[in-house]
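Please read the structure below before turning to the comments.
In each ligand, atom 1 is the first atom listed, and ligand 1 is the first ligand listed.
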Amino acid sequence: MGNNTRQAWLEAMGITVWERRDRPAVAPGPISPPAVCDWERLMEEVESCTRCPLHAGRTRTVFGVGPRTARWLFVGEAPGAEEDKQGEPFVGRAGRLLDAMLQALGLARQEVFIANVLKCRPPGNRDPEPSEVASCLPFLRTQIAAVRPRILVALGRFAAQSLLSTEQPLGRLRGRVHEYDGVPVVVTYHPAYLLRRPADKAAAWADLKQARGIVHHE
Ligand code: URA
């Protein structure tokens, strides 16, 4: 990517300064090989899932997209209206900002894996219920075990709390590197939140640079 393109994406994120990448805050944990996964079967299981009441209101399930060998795995909360229609994560307004965040990192959407904690849309985009998270999380866990990314980026409170099995607020979870099953986890703001609070984009960019430092220094 040329400098001008990168600059344009950084500006879309509200960031005007290109900085050198950071060193990782912690040494990366051991990386174990990807688990053998029957992806076709997993996709069918998600598509036909009736484990929680959300299945009744969905147009489509949103399995997740990306290479099964991706180095980066981004985790969002749940499909919104557009994702429910298209069956793909982050294709609405928040998705366009996520794309800008990826571009700023020098990443194409096609080279990262993107998934949500919930595979079905909660009505009216309400917060996920704990019972829905409990029903759906095993799918995400299987995806993570199969992809075995170098970094997990949790987008927003629900993704972070679900992955890390904690009730700590986002403010306490950001700014340090966590671990999920041997994979480093960086927590940042959800793009939908950043659309409402652009002033926090600079902090999100710092989180992403921290994640990039981990990937690059492994
Ligand atoms: N918000 C999310 O958390 N996930 C999506 O897929 C879309 C919006």
Considering only heavy atoms, which protein residues lie less than 4.0 Å from any atom of ligand 1?
-> Gly76, Glu77, Ala78, Glu83, Pro89, Phe90, Asn116, His190
Report the residues that fulfil side-chain hydrogen bond (donor to acceptor under 3.5 Å, both in side chains) with Arg71, sequence neighbours left out, ordered by chain and then residue number.
-> none
Side chain to side chain contact (heavy atoms under 4.5 Å, CB included) partners of Gln143, counting only residues at least two apart = Trp39, Leu42, Phe63, Phe113, Ala115, Lys119, Leu140
Is Pro138 close to Arg51 at the side-chain level, that is, under 4.5 Å between some pair of heavy atoms?
->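 Arg51 reaches Pro138 side chain to side chain.
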Any salt bridge between Arg96 and Glu82, counting N to O under 4.0 Å?
->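 Judged by the 4.0 Å cut-off on N to carboxylate O distance, Arg96 and Glu82 do not form a salt bridge.
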Could you give all pairs that pass the salt bridge (charged side-chain N to carboxylate O under 4.0 Å, His left out) test and reach residues 53-70, with sequence neighbours left out?
->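 Applying salt bridge (charged side-chain N to carboxylate O under 4.0 Å, His left out) to every pair that reaches into residues 53-70, excluding sequence neighbours, yields Glu40-Arg68.
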Establish, yes or no, whether the cationic atom of Arg109 lies under 6.0 Å from the six-membered ring centre of Phe90 and within 45° of the ring axis.
->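 Arg109 over Phe90 ring: no.
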